[in-house]
Number of protein chains: 2
Amino acid sequence: MTLEMVAARAGVARQTVSNAINSPELLRPQTLERVRRAIDELNYRPHRAAQALRTRASRLIGYGIRPSLGGVATPVLDEFLHAISDAADQAGYRVVLFSAPPDEELERYQQLLDEQGADGFVLSGTHRGDRRQAWLHKKGVPFVAFGRTWTGRDVGDWVDIDGAAGTAAAVRHLAALGHRDIGFLGWPKGSGAGDDRAQGWHDAMRDLGLPVRNRRVETPTDLALASQAADRLLDGGVTAVVAASDALAAGCYQALHRRGRTPGTDVAVVGFDDSPVATMLWPSLSSLAQPIEAVGRECMRLLLDRLNGVQREAEHVLLPPELIVRDSV
Amino acid sequence: MTLEMVAARAGVARQTVSNAINSPELLRPQTLERVRRAIDELNYRPHRAAQALRTRASRLIGYGIRPSLGGVATPVLDEFLHAISDAADQAGYRVVLFSAPPDEELERYQQLLDEQGADGFVLSGTHRGDRRQAWLHKKGVPFVAFGRTWTGRDVGDWVDIDGAAGTAAAVRHLAALGHRDIGFLGWPKGSGAGDDRAQGWHDAMRDLGLPVRNRRVETPTDLALASQAADRLLDGGVTAVVAASDALAAGCYQALHRRGRTPGTDVAVVGFDDSPVATMLWPSLSSLAQPIEAVGRECMRLLLDRLNGVQREAEHVLLPPELIVRDSV
DNA sequence: GCTCCTCCTTGGAGCGATCCAAATACTTCC
DNA sequence: GGAAGTATTTGGATCGCTCCAAGGAGGAGC
């Protein structure tokens, strides 16, 4: 099924059919109608590769995925992929996945560009020392990141969750319930998102005149270690804990269970991500839900601008997470 | 960067460069070496769209994703996507995502085929009444499914987890520990995977001469409902529960907690999927881990056969899950 | 009726690769 | 040394689409 065949059927030239699809305003209404009917009858769709070859645009958006690191690392990735894929589809684009192992990440991006396998990229999991943004920017490749530029010069568009606003909201909520001794269970310093979430807790505590000293502990995302870290907070006598993730909150649950205390009743706990785990824990975990759908939509909006050659300053979108209150507070 | 430019640099004809890439055995060693050097120096990569146009093969594999239904529905999808994407990359293919809302699912597959946007498909989440396999088979489109053909004539290749083997293993493990009263917490009849898992429990119980009557309850994946369903099992006096998913197992945990009993100590519980939740629950949940990496590899192996035009009978691969024993038994 | 102008429609060229068949280079053997 | 045969290399055509510039139809104005 080609343009030529549609043209024959409609009794017009090849180019006229092309115009009917790409610049319908050029055609006389009755011609347009005739061509459209032929397209419908034959169920014609342009050949993507031919379009791509001629227009030098694949209408594909690259999304580099790192090898799975045990699964826990990316609890929200799934939903995010859904969101950008949906949004891309509506704009006539599609998302193409490619493997990007950390050690040869940029080479893989380069490869996709060389073979014109993608017109732009969506990055996720941006981190300190991430070279992708600067690299893509320098090459003038359209891209958008889910996650801020944590280091170096801030280049390109990004969309991110306002982690600080989230943990601050959690602190205020807990303070309103009478808690004064609120600890923070976070990741080791140096991770962008983690530091951001810690900052929100810290600032909100300060604002409320609550003590922060010795009330912040750090741990990697390992349940046993997280649980031990939570122990240190509990030993310090906190009555509430804000965690940097639901996984860490689960570690806190374990620490409480071990000492025969009940989350929610004895010590309040708030997680982050509102992952499926939150409802499955007992008692159900209050958590900060990330508006992933909205993040995906915003990402595509910004990226489409760039793909369409819109010239504008870099735009940054910061979306607040929503505190979902459950039985743990 | 085109073939022509590489050819100019190497001092040969366009076609010779093409042969160097696609049929190196045709070239004289020294010519091959010269061309290869030119390719390296210029960092040349073939233009995908041009290749696709000429060879009528996009080297893209379609993966239709349904709108996210709240996230819980697909705990393993993430890992699976990683797996097939990695395997595809190694074979020179890439995975392209497209939205396939249930009501116009086949139209979207058709669209991708019409525009030659994919050479084959990977299906997941096959279910009773799934029309995709028969439809693709009839059209002669290469595809492979993660999940059996649950209804109708069994067509095409598939890879699946042997759910029955998994639950049977769980039952045998529990029986070996002395449990005789083992309940099954499953989904409503009619879901392929759910019935399969129930069957494994049922058959193993029979084999061991253990009672099954009134020891199987059904519930949708909703924590409150699952918890009530678990109550009915516990009221019946079971000493162990095998659940069709970790989410249902979590419901069982809640039922136990509510009546002041401890999972593992008072009643043994085994989940299914070995999702991140399993380690986060307290006590940690024993579960049946799906070898998703292997599923992905096998899927790609079968699909690549079809893409390469290998003629053979439909192949079915059934991989056993592995029982991960934790504190809940 | 004719010119001029605008609005639509059309054929030719080319995007970058591979298929194909023909041309050339190199061996082998007498 | 030359014919015959095989091994390499080459140029032309083509995939389906869009760019471009030129061609034709139709209407306004004199």
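Each chain gets a letter, A, B and so on, in the order the sequences are listed, and its residues count up from 1.
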Identify each donor-acceptor pair in which a side-chain atom of residues 25-43 of chain B lies under 3.5 Å from a protein atom, sequence neighbours left out, and give them as a table.
{"residue": "B:Arg34", "atom": "NH1", "partner": "B:Ala10", "partner atom": "O", "Å": "2.7"}
{"residue": "B:Glu41", "atom": "OE1", "partner": "B:Arg9", "partner atom": "NE", "Å": "2.8"}
{"residue": "B:Glu41", "atom": "OE1", "partner": "B:Arg9", "partner atom": "NH2", "Å": "2.8"}

**Study point:** Partner set under side-chain hydrogen bond (donor to acceptor under 3.5 Å, both in side chains) for B:Asp162, not counting sequence neighbours
**Key:** none

Check your understanding: Expressed in angstrom and rounded to an integer, what is the separation of A:Arg54 atom CZ from D:dT14 atom P?
Key -> 18 Å

**Study point:** Covered region of DNA chain C, 5' end to 3' end, by chain B [heavy atoms, under 4.0 Å]
**Key:** C:dG16 to C:dC20

Practice item. For A:His127 and A:Gly192, indicate whether the former's side chain and the latter's backbone hold a donor-acceptor pair under 3.5 Å. Key: no

Check your understanding: Within less than 4.0 Å of OP1 or OP2 of D:dT18, is there a side-chain N or O belonging to A:Ser18?
Key -> yes

Review point. Which pairs with one or both residues in residues 7-39 of chain A pass ring pair (Phe, Tyr, Trp, His ring centres under 6.0 Å), sequence neighbours excluded?
Key: none

Point to revise | With sequence neighbours excluded, residues passing side-chain hydrogen bond (donor to acceptor under 3.5 Å, both in side chains) with A:Ser191 | key: none

Practice item. Answer yes or no: are there more than 12 heavy-atom neighbours, outside A:Arg128 itself, under 6.0 Å from its atom CZ? Key: yes

**Study point:** Which atom of A:Gly92 lies closest to which atom of A:Arg59, heavy atoms considered
**Key:** O-NE, 3.3 Å

**Study point:** Residue-level proximity of residues 107-118 of chain B to DNA chain D when a heavy atom falls under 4.0 Å
**Key:** none

Restricting to nitrogen or oxygen on both sides, can you table the protein-nucleotides 7-11 of chain D pairs closer than 3.5 Å?
{"residue": "D:dT9", "atom": "OP1", "partner": "B:Thr31", "partner atom": "OG1", "Å": "2.2"}
{"residue": "D:dT9", "atom": "OP2", "partner": "B:Arg28", "partner atom": "N", "Å": "3.3"}
{"residue": "D:dT10", "atom": "OP2", "partner": "B:Ala13", "partner atom": "N", "Å": "2.8"}
{"residue": "D:dT10", "atom": "OP2", "partner": "B:Thr16", "partner atom": "OG1", "Å": "2.7"}

Practice item. Search all heavy atoms of B:Gly62 against all heavy atoms of B:Leu112 and return the closest pair with its distance. Key: CA-CD2, 4.2 Å

Check: residues 313-320 of chain B side-chain donor-acceptor pairs under 3.5 Å, at least two apart:
{"residue": "B:Glu315", "atom": "OE2", "partner": "B:Arg301", "partner atom": "NH2", "Å": "3.0"}
{"residue": "B:His316", "atom": "ND1", "partner": "B:Trp158", "partner atom": "NE1", "Å": "3.2"}
{"residue": "B:His316", "atom": "NE2", "partner": "B:Asp154", "partner atom": "OD2", "Å": "3.0"}

Point to revise | Partner residues of B:Ser85 under the side-chain hydrogen bond (donor to acceptor under 3.5 Å, both in side chains) criterion, sequence neighbours left out | key: none

Check your understanding: If you fit an axis to the five pairs at each end of the helix from C:dT9-D:dA22 to C:dC30-D:dG1, how big is the angle between those two axes, to 10 degrees?
Key -> 40°

Practice item. Sequence neighbours left out, what pairs pass ring pair (Phe, Tyr, Trp, His ring centres under 6.0 Å) with at least one residue falling in residues 84-118 of chain B? Key: B:Phe98-B:Tyr109, B:Phe98-B:Phe121, B:Tyr109-B:Phe121

Practice item. Mind running side chain to side chain contact (heavy atoms under 4.5 Å, CB included) on B:Glu298 and B:Val295 for me, showing each step along the way? Key: CA-CA 5 Å; B:Glu298 289 294 301; B:Val295 171; 5.9 Å; no

Check your understanding: Heavy-atom count around B:Arg153 CZ within 6.0 Å, excluding the residue itself: above 12?
Key -> no

Revision key, fill the gap. To the nearest angstrom, the CG-C1' distance between B:Leu3 and D:dC15 comes to 15 Å

Practice item. For B:Gln90 and B:Asp86, test the side chains for any donor-to-acceptor distance below 3.5 angstrom and give the result as yes or no. Key: no

**Study point:** Close residues, residues 37-51 of chain B, relative to DNA chain D [heavy-atom separation under 4.0 Å]
**Key:** none

Check your understanding: Distance-only, no hydrogens or angles: does the B:Asp160 side chain make a donor-acceptor pair with backbone N or O of B:Arg148 under 3.5 Å?
Key -> yes

